[in-house]
Amino acid sequence: VPVTAPPRAPFAARTAWDLRENPLASLVSEARRSGRDLIDLTESNPTRCGLVNAEPLVALLGHPRGAAYRPLPLGHPDARRAVARYYDDRGLSASEESITLCASTSEAYGWLFKLLCERGDRVLVPAPSYPLLEYLADLEDVALAPYPLLREEGFCIDVGALERLAADPRARAIVLVHPNNPTGTFVRRGDAEAAYAIADRYGLALIVDEVFGDYAHGPLPPSRLPSFTGGDRALTFVLSGLSKVAALPQLKLGWIAASGPPAILDEAMRRLEVIADTYLSVSTPVQLALPAILEARAPIQRAILERVTSGLAALDAALRDAGERCPVRRLPVDGGWYAILEVPRTLDEDAWVELLVREEGILVHPGYFFDMDRDGFLIVSLLPEEGALKNTWSRLLKRIDHLTFAPPTGS
Ligand SMILES: Cc1ncc(COP(=O)(O)O)c(C=O)c1O
């Protein structure tokens, strides 16, 4: 990665990112400059998708009870109790004492890396997965060691690879994203067993990102684990927060639900409390509003699930209409807000993205943003409003079909 700063500038090496605009961002700014309206299938901000009337919930933060400040490192007892109740409502167990509030899941990752890792230690992360993990690790001087999810096997964990990486003496934790972004797959029970056994064998912690845990597209097959909360096999930290649970990322409230063998869990909570006390980053008004916000989540989640599943149905209908010879395939998902399209490798992913923007005004993510195992995938969000999506799927498929079977002359 080229260092963009002059050689004597006082910046830490961990911030020496390549800050040049990436090809996708350049495409978008060019299209916007030329006044072109894009259909943005990378949009995953629920507050921009006409889904949630956030105003009454945001108004709860204006209640005068939020005027007084009591610094409570792990969070206000009413808020921690509300999170425990949220798990209880889902038939899961996470005690009030096991909850740490933080500003976001991203902050939770940072705190856990501080809790678990020395500089240069390794955290095992799934590939493909969520691209922010790389930055979160950089900022804590932690190295990521990606373990493959096997695409051909429905993205199950490559347990052999996980075990080899876990045996590294610098490995400290295994991250699982459940369900994963962007593959939409919940961890299978057998893989969860293997992860617990490996964590136990090598003394690692599990960090399980369950932000999309409420968004299974239907009843989960019995082979899938609903959640990692409440186990006592290994020290486990389940992460979630309002950004997905109530589609309110702007409120900045996330949490960690810890579980594990009692002695080590107790020590983890005491250390986490010191980390949380150092930042005290969650605002009092949002903590006090949390019980009512969590109470209000059901219709929000229903609206999102309805949007996502009808988006998938529309995509599948367009695929059926495109017929047998259509060179695009949608990979199966269990849940989440995204779909993965497998496209021909006659063009690389950047070229597909560019052509779709230039010729159809449709913006998608290339698979490599999410560390897919090979070229030939596009990632689409299923949140955009149906009204805005007229014919998008069929236009996208037709364009890919056309460019696959009748490439532009001169190419
Ligand atoms: C898998 C996953 N984890 C965490 C986050 C970030 O959540 P938060 O807003 O709580 O930091 C996202 C955001 O898209 C995500 O996809």
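Every number for a ligand or one of its atoms is a count from 1 in the order of the listing.
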Phe212: numbered ligand 1 atoms lying under 4.0 Å from its heavy atoms: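 Matching atoms, with element in brackets: 16 (O).
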Using a strict cut-off of 4.0 Å, indicate which atoms of ligand 1 neighbour a heavy atom of Val177.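 Close to Val177: 1 (C).
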Tell me which protein heavy atom sits closest to [atom], plus the residue, atom name and distance to 0.1 Å.
atom	value
atom 10 (O) of ligand 1	Thr105 OG1, 2.6 Å
atom 11 (O) of ligand 1	Ser106 OG, 2.9 Å
atom 9 (O) of ligand 1	Ser243 OG, 3.0 Å

Tell me, please: is Lys244 in heavy-atom contact with ligand 1, that is, under 4.0 Å?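 Distance cut 4.0 Å: Lys244 passes for ligand 1.
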Taking atom 1 (C) of ligand 1 as the point of reference, which of Leu132, Val175, Leu133, Asp209 owns the nearest heavy atom?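 Ranked by closest heavy atom to atom 1 (C) of ligand 1, first place is Asp209.
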Determine, considering heavy atoms only, which of Tyr109, Trp255, Tyr130 sits nearest to atom 15 (C) of ligand 1.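 It is Tyr130 that holds the nearest heavy atom.
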Any idea which part of Pro249 is under 4.0 Å from ligand 1, heavy-atom wise: side chain, backbone, both or neither?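 No part of Pro249 is near ligand 1 at this cut-off.
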Under 30°, 30 to 60°, or over 60°: which ring-plane class applies to Phe212 and Tyr215, parallel, tilted or perpendicular?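 Aromatic pair Phe212/Tyr215 classed perpendicular.
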Classify the ring geometry of Tyr87 against Trp255: parallel below 30°, tilted from 30° to 60°, perpendicular beyond 60°.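 Perpendicular.
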I want to know if ligand 1 touches Asn181 in the polar sense, i.e. an N/O pair below 3.5 angstrom.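 Looking only at distances, the answer is yes, because the N/O contact criterion of under 3.5 Å is met.
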Tell me whether Lys244 forms a cation-pi arrangement with Trp337, defined as NZ or CZ under 6.0 Å from the six-membered ring centre and within 45 degrees of its axis.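 Yes - Lys244 lies over the ring of Trp337, closer than 6.0 Å to its centre and within 45° of its axis.
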Between [X] (side chain) and [Y] (backbone), is there a donor-acceptor pair under 3.5 Å?
X	Y	value
Arg395	Glu360	yes
Glu349	Gly376	yes
Glu210	Ser227	no

Side chains of Thr183 and Asn180: any donor to acceptor distance under 3.5 Å?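 Distance-only check passes for Asn180 and Thr183.
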